[in-house]
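In what follows, every chain begins at residue 1, and chains take the letters A, B, ... in the order their sequences are listed.
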Protein chains: 2
Amino acid sequence: MSKKNILRYIILGLLDKKELTGYDITKIFEQEIGEFWKAKHSQIYPELKKLEEDQFISYKMETVGSKLEKKCYTIREEGKRELEEWISEPTRELLANKDEFILKLYFIREEKDERINKMFEEQILMHEEKLEHLRLRKQIVFKTNQEKELNYGHYLILDHAINREEGYLLWLKEQQNNLQKS
Amino acid sequence: MSKKNILRYIILGLLDKKELTGYDITKIFEQEIGEFWKAKHSQIYPELKKLEEDQFISYKMETVGSKLEKKCYTIREEGKRELEEWISEPTRELLANKDEFILKLYFIREEKDERINKMFEEQILMHEEKLEHLRLRKQIVFKTNQEKELNYGHYLILDHAINREEGYLLWLKEQQNNLQKS
DNA sequence: CGAAACATGTAAGAAGTTACATGATTAC
DNA sequence: GTAATCATGTAACTTCTTACATGTTTCG
């Protein structure tokens, strides 16, 4: 019974906040919510078209400069209902958390494998970089407490992403430490 | 440049440990590695066929009872090389961690939204159940230290999954607590 | 004897990625 | 002027899920 096509709901959720173009939505995926869902413009534009056909959203054309046209999408009442339904419905499935690195570890069966240390080093660097980047964003976006209250959802997901990276890093370092002792 | 079709490498990795049927592999996805990659039998059987055609693996038929036939696959030298290449190559991309619940939170912009408490309750229950299940598995599979040494990869991914769930739960409870204070 | 587990496949469709395709505007 | 960014779309392909399809063996 669980709802599909989550991309639809994400787009509706974004438009519920403010009117956006397909390009804007693409940028939001790259920045704010990319930690928890990814979508390319080639998926976003057709989905916007379908949502418009289904009367969940509508758009008006705006002109930038003298020629460039853009479609500013807004959510309709039907779209808002659809969105509320999705949010209110229990989230029963925990979706796949694909992790290529962890799988590689799984196939290394000996603690003494030479490659394992280098692999940990690489991953630690990657996750440290990501964590640094997330922390910087949090600092920039939520300078004051007011900004946190005004955009609680955004605050929560950024905080969760930071928490996740911190946990991952701690685990990596702990395992690396265990290796060096043995 | 990053390698694709990770399912191939996972299957090769599994066969590198011991010979398996398509059914065995399906079960392993449901149990051991489902936390980090999912695949249904409808994806596994065609992939086994392709791997065999590409000469990375081979199979021999075995009969169960008097009629039921099964294909026992083993990895070939070419397959081992392919697998080693994948493992040794740096894992540069961090794949999508889709999380429907976190996205729903993102779209709730007010801390005072009535639904938010119920949503946290549900998620906490789900993750507690999952954590319990993982801990039980660790207890059963790794009773002795010898078992850990003999199957270090398996130990690592189980430990990582537990760690991940613990972190998620702590975050959920912390946020829930914050809500009740305000 | 009946249900659960074993065992293998294919077909249709949804979801997601990469590449193709084009052009305008802005900032340096 | 030129590179980065803004802006929108489609085509081809891969990946993944759901459903279809069938039959055997084992356990209680």
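Taking the ring axis of B:Tyr106 as reference, the NZ or CZ atom of A:Lys17 stays within 45° of it and closer than 6.0 Å to the ring centre.
Looking at heavy-atom distances under 4.0 Å, B:Ser42 makes contact with a base.
Comparing A:Gln43 and A:Leu68 by the nucleotide of DNA chain D that holds the closest heavy atom to each, the one mapping nearer the 5' end is A:Leu68. In terms of position on DNA chain C, the residue among B:Asp24 and A:Lys40 whose nearest nucleotide sits closer to the 5' end is B:Asp24. Between A:Lys70 and A:Lys49, the one whose closest nucleotide on DNA chain D sits nearer the 5' end is A:Lys70. When the nearest nucleotides of DNA chain C are assigned to A:Ser66 and A:Lys50 by heavy-atom distance, the more 5′-ward of the two goes with A:Lys50.
Using a 4.0 Å cut-off, no side-chain N or O of B:Lys4 falls inside it from OP1 or OP2 of D:dC13. Within the 4.0 Å cut-off from OP1 or OP2 of C:dA7, not a single side-chain nitrogen or oxygen of B:Lys27 is found. Using a 4.0 Å cut-off, some side-chain N or O of A:Tyr23 falls inside it from OP1 or OP2 of D:dC6.
A:Leu7 has its CG atom 16 Å from the C1' atom of D:dT15, to the nearest Å. What separates CD of A:Glu19 from P of D:dA7 is a distance of 12 Å, to the nearest Å. Regarding A:Phe29, its CZ atom lies at a distance of 13 Å from the P atom of C:dA15, rounded to whole Å. For the pair A:Glu30 CD and D:dA4 P, the interatomic distance rounds to 16 Å; values are reported in whole Å. If you measure from atom NE2 of A:His41 to atom P of D:dA7, you get 14 Å, rounded to the nearest angstrom. Straight-line distance from the CD1 atom of A:Ile6 to the C1' atom of D:dT17: 13 Å, rounded to whole Å.
Checking A:Trp171 against B:Glu166 by side-chain atom types alone, no donor-acceptor pair falls below 3.5 Å. No donor-acceptor contact under 3.5 angstrom links the side chains of A:Trp37 and B:Asp99, judged on distance only. Side-chain contact, A:Glu147 with A:Tyr155: no donor N or O sits under 3.5 Å from an acceptor N or O.
When the nucleotides C:dA15, C:dT26, C:dG9 are ranked by their closest atom to the side chain of B:Lys98, C:dA15 comes out on top.
Ring pair B:Tyr9/B:Trp86 is parallel by interplanar angle, where below 30° counts as parallel and above 60° as perpendicular.
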